[in-house]
Student: 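What follows is a single structure, and I will ask about it in a moment.
Just so it is clear: chains get the letters A, B, ... in the order the sequence lines come, proteins before strands, and each one is counted from 1.
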There are 2 protein chains.
Amino acid sequence: MDVRTLCLGALMGGEATGYEIRKMFEDGTFSHFQIASLGSIYPALTKLTQDGLVTFVEHEQENRPDKKVYQLTSEGRRTFLRTLLQTRPAEDRYRSDILFMLTFAEEMPIELTEALIDEFAARHELMSHQIDPENDDKPGTMSTYGRDENGAPKPGCCFVAGLGQAMCEATLKFIRENKQGLLDELRDFKARKP
Amino acid sequence: MDVRTLCLGALMGGEATGYEIRKMFEDGTFSHFQIASLGSIYPALTKLTQDGLVTFVEHEQENRPDKKVYQLTSEGRRTFLRTLLQTRPAEDRYRSDILFMLTFAEEMPIELTEALIDEFAARHELMSHQIDPENDDKPGTMSTYGRDENGAPKPGCCFVAGLGQAMCEATLKFIRENKQGLLDELRDFKARKP
DNA sequence: TTTCGCTATATCAGTTCGATATATGTCGGA
DNA sequence: TCCGACATATATCGAACTGATATAGCGAAA
């Protein structure tokens, strides 16, 4: 899935600026399983405009740069839906510096191992909290749930969000149950080898 | 974590060729939480050689291209360990086309939704199986567990592998419990709206 | 028997990231 | 009250990385 397709998908929920699209990938609906940076979103929107898949209206703002509000054209909508039907989804990829580093736990001070695990747990705690539907209506927080015109959360989005939460909780549970064991094992390991 | 650092880490377990390093990221020890392609590994190894962090021995092979077996220098080892101590690990990132597509479940035929979920489950089933320690000694399979000189699995690697398995299992459990509910909800949803 | 996949290195075009530039309003703390 | 930090908003660019392709011989399956 290239950024152009991701942008089309982001605009399926209604009009948005480039900046708002980035927020969907940073904090919002898609943030837990897709990434796109401004440096790729803006060129993608330009290209999509050239191809007639999106249009934009320039809103002048006092004392601020103009806002370009993008919207799908009917061809853009059709193209996106066709892509959904035709694309064979790429392999999932998970990238974690912390897990990579933990692989070398034997080679580093135990305090660092513990700090890394705690950091990992803290990040998942936060993420689980962000996905939580209880938090979804609070002002200021970006919604994790895509909603239709009536404001009802969409079943597909709820399923994906629930899955994300289940993964977070499993991670936290595993850490609660295995962190101490690992630290003890490492202490043993280091006692035996100088 | 750039590819250079990842290569140093891969060589912490002993000597290897570029091709073998890629396999560690494709099938082996690091495959579930880091990615590196040949197109970045070879240039990285060249750069590391220039910087004196690795050396290589060229093994001539009959009727095959020469094999370059790389090895950490003591400075390479020191550099990697220093990096572990000093690096603030980047945010984890998870990227999934399938979950992104499922977000638009309302817009596509129910059969496609079901196929995507089944595909997602199948991939996690396979992954869980690959991580399974039972499978670890079987010839032909790439080991998921880093091992020390005596062939004993390293505690850090076991912890990370266990965590990966716990995440897979949570995913599979969630799908077992929620797939049918989603499909029913979607049928409802579509019945109400034409 | 030919076609596919494995070992093995290497290169390159295209994509994407991350940082930076620009301009300004707002809010909290010293 | 002023300063710094942060948010809005677009745009660009070098550096990094992916994915495909080239080369080349072997073994196994179909």
Student: Near DNA chain C, under 4.0 Å by heavy atom, which residues of residues 92-100 of chain B?
Tutor: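 Correct list: B:Arg93, B:Arg95.
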Student: With salt bridge (Lys or Arg N to Asp or Glu O under 4.0 Å) as the rule and sequence neighbours excluded, what pairs involving residues 35-46 of chain B come up?
Tutor: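 Matches after skipping sequence neighbours: none remain.
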Student: In a table with atom names and distances, give each donor-acceptor pair under 3.5 Å that connects a side chain of residues 46-56 of chain A to protein atoms at least two apart or in another chain.
Tutor:
residue: A:Thr46; atom: OG1; partner: A:Tyr42; partner atom: O; Å: 3.0
residue: A:Thr49; atom: OG1; partner: A:Leu45; partner atom: O; Å: 2.7

Student: Can you figure out which of D:dA9, C:dA8, C:dC17 approaches the side chain of A:Lys67 most closely?
Tutor: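 Nearest to the side-chain atoms of A:Lys67, counting from C-beta on, is D:dA9.
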Student: Distance-only criterion, 3.5 Å: show the donor-acceptor pairs between side-chain atoms of residues 172-181 of chain A and protein atoms not counting sequence neighbours.
Tutor:
residue: A:Asn178; atom: ND2; partner: A:Phe174; partner atom: O; Å: 2.9
residue: A:Lys179; atom: NZ; partner: A:Glu114; partner atom: OE2; Å: 3.2
residue: A:Lys179; atom: NZ; partner: A:Asp118; partner atom: OD1; Å: 2.8

Student: Taking only residues two or more places apart in sequence, or in another chain, which ones meet A:Arg22 in a side chain to side chain donor-acceptor pair (under 3.5 Å)?
Tutor: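 Checked A:Arg22 against side chain to side chain donor-acceptor pair (under 3.5 Å); zero matches.
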Student: Can you list everything that forms a side chain to side chain donor-acceptor pair (under 3.5 Å) with A:Thr5? Sequence neighbours excluded, please.
Tutor: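 Testing A:Thr5 for side chain to side chain donor-acceptor pair (under 3.5 Å), a comparison that skips the adjacent residues, returns A:Asp2.
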Student: Report the relative orientation of the aromatic rings in A:Phe30 and B:Phe104; use parallel for angles under 30°, tilted for 30 to 60°, perpendicular for over 60°.
Tutor: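 Judged by the thresholds at 30° and 60°, the geometry between A:Phe30 and B:Phe104 is tilted.
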Student: Would you tell me if any nitrogen or oxygen in the side chain of A:Lys23 comes within less than 4.0 Å of OP1 or OP2 on D:dA7?
Tutor: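 No.
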Student: Counting side-chain heavy atoms from CB outward, which of C:dT9, C:dT15, D:dC17 is closest to A:Arg4?
Tutor: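 Output: C:dT15.
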Student: As a test of reading the structure: which of C:dA10, C:dA8, D:dA7 is closest to the side chain of B:Lys68, going by heavy atoms?
Tutor: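 From the listed options, C:dA10 comes nearest.
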Student: Applying side chain to side chain donor-acceptor pair (under 3.5 Å), can you list everything that pairs with A:Ser128, at least two apart in sequence or on another chain?
Tutor: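 With sequence neighbours excluded, A:Ser128 shows a side chain to side chain donor-acceptor pair (under 3.5 Å) to no residue whatsoever.
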Student: In residues 38-47 of chain A, what residues come within less than 4.0 Å of DNA chain C, judged by heavy atoms?
Tutor: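 When residues 38-47 of chain A is checked for heavy atoms under 4.0 Å from DNA chain C, the hits, listed by number, are A:Gly39, A:Ser40.
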Student: Quantified as the angle between the terminal helix axes (five pairs each), what is the overall bend of the helix from C:dT1-D:dA30 to C:dA30-D:dT1 to 10 degrees?
Tutor: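 Both end axes considered, the difference amounts to 40°.
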Student: Quick one: side chain to side chain donor-acceptor pair (under 3.5 Å) partners of B:Ser96, sequence neighbours excluded?
Tutor: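 Expected list: A:Asp92.
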Student: Could you name each residue pair satisfying salt bridge (Lys or Arg N to Asp or Glu O under 4.0 Å) that touches residues 70-81 of chain A, not counting sequence neighbours?
Tutor: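 For residues 70-81 of chain A: A:Arg77-B:Glu107.
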Student: Looking at residues at least two apart in the chain, or sitting in another chain, which of them share a salt bridge (Lys or Arg N to Asp or Glu O under 4.0 Å) with B:Arg88?
Tutor: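 Scan of B:Arg88 (salt bridge (Lys or Arg N to Asp or Glu O under 4.0 Å), adjacent residues dropped) gives A:Glu119.
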Student: Taking 4.0 Å as the cut-off, does a side-chain nitrogen or oxygen of B:Thr17 come that near to OP1 or OP2 on C:dT9?
Tutor: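 Yes.
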